[in-house]
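Note on naming: letters A, B, ... go to the chains in the order of the sequence lines (proteins, then strands), and numbering restarts at 1 for each one.
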Amino acid sequence: MATKKNKPADRLKTVKPSGKREETFFELVFDVARQIPKGKVTSYGAIAEILGTKLSARMVGWAMNGAHKVNPPVPAHRVVNRVGLLTGKHHFSTNTKMQELLEKEGVIIKNDQVVNFQKYFWNPGE
DNA sequence: ACCATGACTAGAA
DNA sequence: CTTCTAGCCATGG
């Protein structure tokens, strides 16, 4: 039947001639994350959804794990969980680094959570 | 190859 | 309201 499960990402396996593993999810996530406008935030699920794997929001977060070692760097501080909670702040240099970065861009954080999250929310691919 | 973990999310109890 | 379960899939031991 009509296989509606068409994957937008389609794995996009960009095989690296370097012989290293292909980026797959990671590059896609990084690419989307870099498109987040300054002063805006998004959620892991939103990125995952754009990639066609909304149920794999975990991979988005996991991809961020390597965000600091890719070039150009990925603004992982603009990626929060679905409720605007800075769940990944512990992965930054300091516990307050993520919040400071966001506040510096005009995003208000209160109690480790983005104020008016939906208002600052940026829809990937928009 | 198998098992455990992880920066998530949605739904059920 | 809180707590738990299941699904997702890549990485590492």
Side-chain angles (χ1 to χ4, degrees):
Chain A
M1 300 305 235
T3 8
K4 295 277 170 136
K5 300 215 186 149
N6 182 9
K7 285 196 190 160
D10 213 324
R11 280 157 215 222
L12 280 171
K13 282 183 183 177
T14 5
V15 180
K16 278 277 208 2
S18 302
K20 208 73 192 229
R21 59 185 63 263
E22 74 277 9
E23 319 311 347
T24 61
F25 230 84
F26 288 53
E27 284 226 330
L28 293 174
V29 174
F30 298 153
D31 188 45
V32 174
R34 291 195 206 104
Q35 293 175 59
I36 304 174
K38 184 174 172 222
K40 294 274 188 175
V41 292
T42 192
S43 65
Y44 304 98
I47 296 174
E49 186 174 54
I50 271 294
L51 300 180
T53 54
K54 140 171 136 183
L55 301 182
S56 52
R58 287 178 166 177
M59 301 294 81
V60 178
W62 190 249
M64 289 290 131
N65 232 321
H68 69 99
K69 62 188 194 169
V70 298
N71 191 347
V74 177
H77 62 276
R78 295 186 188 141
V79 185
V80 295
N81 77 348
R82 70 172 175 97
V83 296
L85 201 61
L86 280 56
T87 52
K89 68 178 195 171
H90 290 212
H91 291 254
F92 284 77
S93 309
T94 62
N95 284 22
T96 54
K97 188 66 189 284
M98 189 175 187
Q99 177 172 338
E100 288 177 22
L101 287 170
L102 287 170
E103 289 184 327
K104 192 156 56 174
E105 296 186 350
V107 181
I108 308 302
I109 310 297
K110 181 154 230 174
N111 200 10
D112 298 333
Q113 188 170 15
V114 177
V115 179
N116 299 326
F117 172 58
Q118 199 163 37
K119 182 164 136 180
Y120 292 107
F121 185 82
W122 173 79
N123 195 355
E126 194 168 68

Would you indicate whether the side-chain heavy atoms of [Y] and [X] approach each other to under 4.5 Å?
X      : Y      : value
A:W122 : A:V41  : no
A:N116 : A:I108 : no
A:M98  : A:V80  : yes
A:R34  : A:V70  : yes

Enumerate the residues from residues 65-79 of chain A whose closest heavy atom to DNA chain B is under 4.0 Å, giving them by residue number; use none for an empty result.
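Going residue by residue through residues 65-79 of chain A, the ones with a heavy atom under 4.0 Å of DNA chain B turn out to be A:N65, A:A76.
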Counting only non-hydrogen atoms, which of residues 95-117 of chain A are less than 4.0 Å from DNA chain B?
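None, since no heavy atom is under 4.0 Å.
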Separation of atom [atom1] in [X] from atom [atom2] in [N], rounded to whole Å:
X      : N      : atom1 : atom2 : answer
A:M64  : B:dA7  : CE    : P     : 13 Å
A:F121 : B:dT9  : CZ    : C1'   : 13 Å
A:W62  : C:dC8  : CH2   : C1'   : 15 Å
A:F26  : B:dG6  : CZ    : C1'   : 11 Å
A:R82  : B:dG11 : CZ    : C1'   : 11 Å
A:L55  : C:dA6  : CG    : P     : 16 Å
A:K54  : C:dC9  : NZ    : C1'   : 16 Å
A:M59  : B:dT5  : CE    : P     : 14 Å

[X] and [Y]: which non-hydrogen atoms are nearest, and at how many Å?
X      : Y     : result
A:V107 : A:K40 : CG2-N, 4.4 Å
A:R78  : A:I36 : NH1-O, 2.9 Å
A:P124 : A:I47 : CG-N, 4.1 Å

In whole Å, what separates the P atom of B:dA4 from that of C:dT5?
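So the two P atoms sit 16 Å from each other.
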Output yes when a side-chain donor or acceptor of A:S43 lies under 3.5 Å from a complementary backbone atom of A:A46, and no otherwise.
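Yes, because the side chain of A:S43 sits within donor-acceptor range (under 3.5 Å) of the backbone of A:A46.
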Would the distance check show the side chain of A:Y44 and the main-chain N or O of A:V79 forming a donor-acceptor pair, the cut-off being under 3.5 Å?
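Side chain of A:Y44 to backbone of A:V79: a pair is present.
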